[in-house]
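As structure tokens, the structure follows; a few thoughts come after it.
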Amino acid sequence: MATPKRFIAGAVCPRCAEMDKIMMFTDDADEQIRECVACGFTDAVSDAETPATPELDTRVNTRDNEDDHTVKQVVFFKAGSED
């Protein structure tokens with residue numbers, strides 16, 4: 001269901017950088033559309049979920065964790081005697 005066009009207070013157009021020139025409305029396909037009355041810029045945002053993108057392979061998430069997670073004793077050596 002379409003909604004009436006309404007101006008968004010304080011919104012700045014990404015193309016022409018004019019303030020208070022952006023109208024927002026919903027069309028028949030339930031997409032929210034913003035439109036600039038100064039330069040004609042339009043942008044549509046859909047409520048439909050976007051498909052999940054797989055996580056990028058990095059050195060952090062692809063590394064095999066082969067560390068030995070046992071507790072080890074730390075030995076502190078005393079510095080030379082200062083007599």
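Just so we're clear, the structure is a prediction, and the values are computed from it rather than from any experiment. Nothing fancy with the numbering, it's 1 onward along the sequence.
A pairwise comparison of heavy atoms in Asp28 and Ala2 identifies OD1-CB, 3.5 Å as the closest pair. Here the closest non-hydrogen pair linking Ile22 and Cys36 is CD1-CB, 3.9 Å.
By the side chain to side chain contact (heavy atoms under 4.5 Å, CB included) test, Asp20 pairs with no residue at all, sequence neighbours left out. Considering only residues two or more places apart in sequence or on other chains, Asp27 meets the side-chain hydrogen bond (donor to acceptor under 3.5 Å, both in side chains) condition with none of them. Residues forming a side chain to side chain contact (heavy atoms under 4.5 Å, CB included) with Thr3 (at least two apart in sequence, or on another chain): Phe25, Thr26. Legend: residues meeting salt bridge (Lys or Arg N to Asp or Glu O under 4.0 Å) with Lys72, ordered by chain and number and at least two apart, are Asp68.
Cluster partners of Phe7, using a side-chain heavy-atom cutoff of under 4.5 Å among ILVMFWY residues and allowing indirect links, are Met23, Val37.
With rounding to the nearest 0.5 Å, the separation of CZ in Arg34 from CE in Met24 is 7.0 Å.
Among residue pairs with one or both ends in residues 9-19, none qualify as salt bridge (charged side-chain N to carboxylate O under 4.0 Å, His left out); sequence neighbours excluded.
Considering only heavy atoms from C-beta on, Phe41 stays 4.5 Å or farther from Cys16 through its side chain.
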